[in-house]
Each structure stands twice: as structure tokens, then as C-alpha cells.
Amino acid sequence: MVGETVELDHAVRLARAAFERHGGVLRMADAMREGVHRRTLYAMRDAGQVEPLARGLYRLADTAPLAHPDLVTVAAKVPRGVICLVSALAFHDLTTQIPHEVWLAVPRNSEPPRLDYPPVRVVRLSPGPYEAGAETHRLDGVPVKVYSREKTLADCFKHRSEVGLDTALEAVRRYKAQGRVDAEAVLRYAAVCRVARVARPYLEALL
């Protein structure tokens, strides 16, 4: 019994180190690749040392509360996903909207994300628009991919039927108010999204 306890304590220490290397958040599959046994993870869960964020996704319970729990959860569960459109606008403070779902871009032919929570609105993109303008930000210690401000503006014109043209125009105005305006970059991304002809008159008028 003592030997089993010592062995478990050692396994828990190794598991905590693995969690800490990943910002305190780990998928079950990644934990196992780090050498964390499923039994150790379940024992830590039952002891209140880790808590589930979503199915197969855990975080250390004694870390600070997440500032961006939905984005971190989605990024950890869908590594190829990129935060886009209204969620990216909110991240960059380019909208007054509060998104009630996480807008997530994925490659056009990829498997659909399997998430119980948070709600996700998937946008499937072809390779050019999917790869262009993706930035990696560390949120709560976890790498989260988000489209840049300029790419997000272009995306809003491309998907104006979904987000609303008024949302795109509000975003352009807030973008200008923030400073660091790069109209050429917005137009380059608009060209990648094949919406430059639509976006250009608005950009010329507002920027």
C-alpha cells in the first residue's frame, strides 16, 4: 500500500509537470503522449487536482481562473482551428458584440470539431484564406490561433451575409480608431478572400 502511494505521488508530480509545460491545460491524448497514464489523470480528477473543461480536456485546479476559457478550450480541443469573424473581432476589440459562440475557421475538408461546450460556429475555408493572416497568441499560457485584425476585416466582408455588413463597417471604424492602420494589408487579404472589389469602396471611404 505504501509503495503504491509513493508510486502514485511520483506519477502525479510528473503529470503536474506535464500540465505546467502546457499552460496548465492538457487534452487526454496529449497527456498520454507526455507519459501521463489515464489512471493517474482520473486519480487527479477524483482528488480535485485537475478539473475537466470539456470531454477529454483537463486543467490544473489550483491555477488562476482562465481569462479566456472558451477560446482556450476550443484551441486545445481543435489545434488546427483559427478564431475568426465575430470572435476574432471581439478578441481584437473591433466590435461591441459579445459572441455567444466561438467562431472557428477550419480547413475545408477537415473533420468537424467534436465539442460539448462551448458552442462553436464552424467556418470552412479553402487553403489560401485559411492559412492567410493567422497569428498565435498565448492566452492563459495556451497557444491560441487568431486571425490578425486586417485578415479579420477582410473575412467580415467575405462573410457579410453571415455577420452583417453593419458589423463589418463598425469593425473598420473601430480599426481606424485604434490606429496602426494598414489599408494595403486589408486589401491584400481581401484579394486572397476574393472580395477586394466589394471591400475597396468601403475601405477607401472609411480609412
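- Nearest heavy-atom pair, Leu41 versus Val50, reported as atom, atom and distance to 0.1 Å: O-CG2, 4.0 Å.
- No side-chain heavy atom of Arg138 sits less than 4.5 Å from a side-chain heavy atom of Val142.
- Counting heavy atoms from C-beta outward, Met32 and His37 have side chains that stay 4.5 Å or more apart.
- Electrostatic pairing of Lys151 and Asp155 counts as a salt bridge here, judged by a charged N lying under 4.0 Å from a carboxylate O.
- Closest approach of Pro99 and Ala90 over heavy atoms only: CD-CB, 3.8 Å.
- Atom CG of Asn109 is surrounded by 12 or fewer heavy atoms from other residues, nucleotides or ligands within 6.0 Å.
- Tracing side-chain contacts under 4.5 Å through hydrophobic residues (I, L, V, M, F, W, Y), one reaches Val144 starting from Val106; they form part of the same cluster.
- Minimum heavy-atom separation, Val72 to Asp140: CG2-OD2, 3.5 Å.
- The closest side-chain heavy-atom distance from Arg149 to Tyr175 is below 4.5 Å.
- By the ring-ring contact (aromatic ring centres under 6.0 Å, His included) test, Tyr202 pairs with Phe157, sequence neighbours left out.
- More than 12 heavy-atom neighbours from other residues, nucleotides or ligands sit within 6.0 angstrom of CZ on Arg21.
- At least one donor-acceptor pair closer than 3.5 Å links the side chain of His92 to the backbone N or O of Tyr147.
- The side-chain heavy atoms of Leu125 and Pro107, taken from C-beta on, include no pair separated by under 4.5 Å.
- Counting heavy atoms from C-beta outward, Tyr130 and Val82 have side chains that approach closer than 4.5 Å.
- Nearest heavy atoms, Phe19 versus Tyr58: CE2-O, 3.4 Å.
- Residues Leu26 and Leu14 are members of separate hydrophobic clusters, defined by side-chain heavy-atom contacts under 4.5 angstrom among Ile, Leu, Val, Met, Phe, Trp and Tyr.
- Salt-bridge formation is detected for the pair Asp62/Arg16: a Lys NZ or Arg NE/NH1/NH2 atom is positioned less than 4.0 Å from an Asp or Glu carboxylate oxygen.
- Between His137 and Phe91, the ring centre distance stays below 6.0 Å.
- A donor-acceptor pair is defined here as one N or O able to donate and one able to accept, closer than 3.5 Å; no such pair exists between the side chain of Arg160 and the backbone of Leu165.
- Closest of all the heavy-atom pairs between Ala168 and Cys156 is CB-CB, 3.8 Å.
- Without hydrogens or angle criteria, Ser87 side chain to Ile83 main chain gives no donor-acceptor distance under 3.5 Å.
- The cluster map of Ile, Leu, Val, Met, Phe, Trp and Tyr, joined by side-chain heavy atoms under 4.5 Å apart, puts Leu104 and Leu139 in the same cluster.
- Counting non-hydrogen atoms of other residues, nucleotides and ligands closer than 6.0 Å to CZ of Arg45 gives a total above 12.
- Contact check for Val120 versus Glu101: no side-chain heavy atoms found under the 4.5 Å cut-off.
- For the pair Val12/Gln49, a side-chain contact is recorded, criterion being any heavy-atom separation below 4.5 Å from C-beta on.
- Pairs engaging residues 95-128 under the ring-ring contact (aromatic ring centres under 6.0 Å, His included) rule: none recorded [sequence neighbours left out].
- With a 4.5 Å cut-off on side-chain heavy atoms, Arg200 and Leu187 count as touching.
- Checking each of Arg59, Glu34, Arg27 against His22 for a side-chain hydrogen bond (donor to acceptor under 3.5 Å, both in side chains) leaves exactly one that passes, namely Glu34.
- Taking every heavy atom of both residues into account, Ala154 and Ala190 meet most closely at CB-N, 3.5 Å.
- With salt bridges taken as basic N to acidic carboxylate O contacts below 4.0 Å, none links Glu135 and Lys145.
- When Leu89, Thr167, Val163 are each tested for a side chain to side chain contact (heavy atoms under 4.5 Å, CB included) with Gln97, only one passes: Thr167.
- Here the side chain of Lys158 pairs no donor or acceptor atom with the backbone of Val192 at under 3.5 angstrom.
- Residue Arg124 qualifies as enclosed at atom CZ: its count of foreign heavy atoms under 6.0 Å is above 12.
- The salt bridge (charged side-chain N to carboxylate O under 4.0 Å, His left out) analysis of residues 173-190, with sequence neighbours excluded, yields the pairs Asp93-Arg174.
- A salt bridge is defined here as a Lys NZ or Arg NE, NH1 or NH2 lying under 4.0 Å from an Asp or Glu carboxylate O, and Arg33 with Asp30 meets this definition.
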